[in-house]
Colleague: 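Got a structure for you, questions after.
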Amino acid sequence: QLQLVESGGGLVQPGESRRLSCAGSGFFLNPYSIGWFRRPPGKEREGVSAIKARNDTYYADSVKARFTISRANARMTVDLLMNNLKPEDTAVYFCAIAYYDSYVERISEACFHYWGQGTQVTVSS
């Protein structure tokens, strides 16, 4: 059964780092682009980062130079390393699989077909 499970969320102080992990099962991760999205409280879901099968990476302006996406196909995981976290990073973070790559560079939901349930990240002192 195909599953995506996000983990690693929790309460983090501003300026600290946190690594989120997206673990897949029931399919082969290797051919697919994977994206990270987030939904801040009371706001719409937005694209955060994406990585293609060939390892090209893309970041939203709000997280560029702070977040790093990486994949380990053999482990069926895609991680998001978040550095220098800010209160505005507080959100539910989701990972998703893209079955085609037309808009992956835009981190657009249009090409992401399967989603995990999300993990909460709260940045507060």
Side-chain angles (χ1 to χ4, degrees):
Q1 184 177 13
L2 191 152
Q3 290 185 337
L4 286 177
V5 179
E6 302 93 338
S7 64
L11 179 62
V12 187
Q13 294 184 2
E16 293 186 342
S17 298
R18 194 86 174 196
R19 182 183 294 272
L20 304 182
S21 182
C22 174
S25 63
F27 68 102
F28 298 106
L29 186 65
N30 183 69
Y32 301 106
S33 295
I34 307 294
W36 280 98
F37 297 78
R38 67 186 183 186
R39 186 179 65 237
K43 298 182 179 181
E44 298 181 13
R45 190 162 60 188
E46 62 186 18
V48 176
S49 184
I51 184 167
K52 290 184 175 180
R54 62 179 182 174
N55 285 315
D56 291 334
T57 58
Y58 308 93
Y59 299 93
D61 289 341
S62 59
V63 306
K64 188 174 179 62
R66 296 191 298 121
F67 290 13
T68 302
I69 190 171
S70 62
R71 66 190 299 154
N73 292 331
R75 301 178 187 173
M76 294 281 287
T77 58
V78 175
D79 287 359
L80 184 70
L81 176 60
M82 306 181 295
N83 292 323
N84 190 25
L85 282 163
K86 304 175 180 180
E88 51 263 43
D89 295 318
T90 295
V92 178
Y93 284 73
F94 303 86
C95 65
I97 300 170
Y99 292 155
Y100 61 93
D101 288 345
S102 297
Y103 302 104
V104 166
E105 68 275 9
R106 306 178 189 177
I107 325 176
S108 172
E109 294 188 15
C111 60
F112 290 86
H113 293 70
Y114 191 86
W115 298 77
Q117 294 301 307
T119 184
Q120 176 71 46
V121 175
T122 302
V123 184
S124 177
S125 60

Colleague: More than 12 foreign heavy atoms under 6.0 Å from OH of Y103: is that the case here?
Modeller: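 Check fails, neighbour count at 12 or below.
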
Colleague: Would you indicate whether E16, at its atom CD, is surrounded by more than 12 heavy atoms from other residues, nucleotides or ligands within a distance under 6.0 Å?
Modeller: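 Result for CD/E16: enclosed.
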
Colleague: Are the side chains of V48 and I107 in contact, using a 4.5 Å heavy-atom criterion?
Modeller: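 No. Closest side-chain heavy atoms not under 4.5 Å.
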
Colleague: Would you compute the distance between atom CD1 of I97 and atom SG of C22 and round it to the nearest 0.5 angstrom?
Modeller: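 SG of C22 is found 7.0 Å from CD1 of I97.
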
Colleague: How about P14 and S125: do any of their side-chain heavy atoms sit closer than 4.5 Å?
Modeller: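 When only atoms from C-beta onward are counted, S125 and P14 do touch, with a gap below 4.5 Å.
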
Colleague: Donor-acceptor pair, distance only, cut-off 3.5 Å: does the side chain of E6 make one with the backbone of C95?
Modeller: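 Confirmed, E6 side chain pairs with C95 backbone.
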
Colleague: I34 versus F112: any side-chain heavy-atom pair under 4.5 Å?
Modeller: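 No - every pair of side-chain heavy atoms lies 4.5 Å or more apart.
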
Colleague: Please examine the side chains of Y32 and F27, heavy atoms only from C-beta on, and report whether any two atoms are closer than 4.5 Å.
Modeller: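 Contact flag for F27/Y32 side chains = yes.
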
Colleague: Check whether S33 reaches the backbone of D101 with its side chain - one donor and one acceptor, N or O, closer than 3.5 Å.
Modeller: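 Side chain of S33 to backbone of D101, a donor-acceptor pair under 3.5 Å: no, none is there.
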
Colleague: If only atom types and distance count, is the side chain of S49 paired as donor or acceptor with the main-chain N or O of Y58 below 3.5 Å?
Modeller: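 It does hold such a pair.
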
Colleague: Given 3.5 Å as the limit, does a donor-acceptor pair link the side chain of R71 with the main chain of K52, or not?
Modeller: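 At least one qualifying donor-acceptor pair exists.
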
Colleague: Drop me the distance from M76's CE to F28's CZ, to the nearest 0.5 angstrom.
Modeller: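 Here the rounded value is 8.0 Å.
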
Colleague: Answer with yes or no after comparing the ring centroid distance for F67 and W36 against a 6.0 Å cut-off, counting only values under it.
Modeller: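 Distance test on ring centres: not under 6.0 Å, no.
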
Colleague: Under 3.5 Å, is there a donor-acceptor pair between the side chain of R66 and the main chain of S62?
Modeller: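 Side chain of R66 to backbone of S62, a donor-acceptor pair under 3.5 Å: yes, one is there.
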
Colleague: Spell out, as yes or no, whether a donor-acceptor pair under 3.5 Å connects the side chain of T90 to the backbone of V123.
Modeller: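 Yes, because the side chain of T90 sits within donor-acceptor range (under 3.5 Å) of the backbone of V123.
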
Colleague: Under a 4.5 Å cut-off applied to non-hydrogen side-chain atoms, are D89 and R18 in contact?
Modeller: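 No; the side chains remain at least 4.5 Å from each other.
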
Colleague: What I'd like to find out is whether the side chain of D79 reaches to under 4.5 Å of the side chain of S70, using heavy atoms alone.
Modeller: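 A side-chain contact under 4.5 Å exists here.
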
Colleague: If you compare all heavy atoms of E109 against all heavy atoms of R45, which two are closest, and at what distance to 0.1 Å?
Modeller: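 Nearest heavy atoms, E109 then R45: OE2-NE, 2.9 Å.
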
Colleague: Does L4 share a hydrophobic cluster with V92, counting links as ILVMFWY side-chain heavy atoms below 4.5 Å and allowing steps through other members?
Modeller: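 No, L4 and V92 fall in different hydrophobic clusters.
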
Colleague: Taking side chain as C-beta onward, heavy atoms only, is T68 less than 4.5 Å from T57?
Modeller: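 No, side chains not in contact.
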
Colleague: If you look at every heavy atom in A53 and P31, which pair is closest and at what distance?
Modeller: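 Residues A53 and P31, closest heavy atoms: CB-O, 3.6 Å.
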
Colleague: Would you call the rings of F37 and W115 parallel, tilted or perpendicular if under 30° counts as parallel and over 60° as perpendicular?
Modeller: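 Tilted.
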
Colleague: Under 4.5 Å between side-chain heavy atoms, counting indirect links through other Ile/Leu/Val/Met/Phe/Trp/Tyr residues: same cluster for L80 and F94 or not?
Modeller: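 Different hydrophobic clusters.
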
Colleague: Short question: side chain of Y114, backbone of L2 - any donor-acceptor pair under 3.5 Å?
Modeller: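 Side chain of Y114 to backbone of L2, a donor-acceptor pair under 3.5 Å: yes, one is there.
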
Colleague: Assigning hydrophobic clusters by single linkage (Ile, Leu, Val, Met, Phe, Trp, Tyr; side-chain heavy-atom cutoff under 4.5 Å), is L81 placed with V121?
Modeller: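 No, no single cluster joins them.
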
Colleague: With side-chain contact (heavy atoms from CB on, under 4.5 Å) as the test, would you mind laying out the steps for D56 and V104 before giving the verdict?
Modeller: CA-CA 10 Å; D56 291 334; V104 166; over 6 Å; no

Colleague: Roughly how far, to the nearest 0.5 Å, is OG1 of T122 from CD of Q13?
Modeller: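 With rounding to 0.5 Å, CD (Q13) is 13.0 Å from OG1 (T122).
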
Colleague: Looking at every non-hydrogen atom in both residues, tell me the closest pair between A60 and G47 and how far apart they are.
Modeller: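 So the two residues come closest at CB-O, 3.4 Å.
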
Colleague: Closest heavy-atom contact between V12 and S17?
Modeller: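 The pair with the smallest heavy-atom distance is CG1-O, 4.4 Å.
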
Colleague: Would a hydrophobic clustering, with Ile, Leu, Val, Met, Phe, Trp and Tyr connected at side-chain separations under 4.5 Å, put I51 with M82?
Modeller: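 Both belong to a single hydrophobic cluster.
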
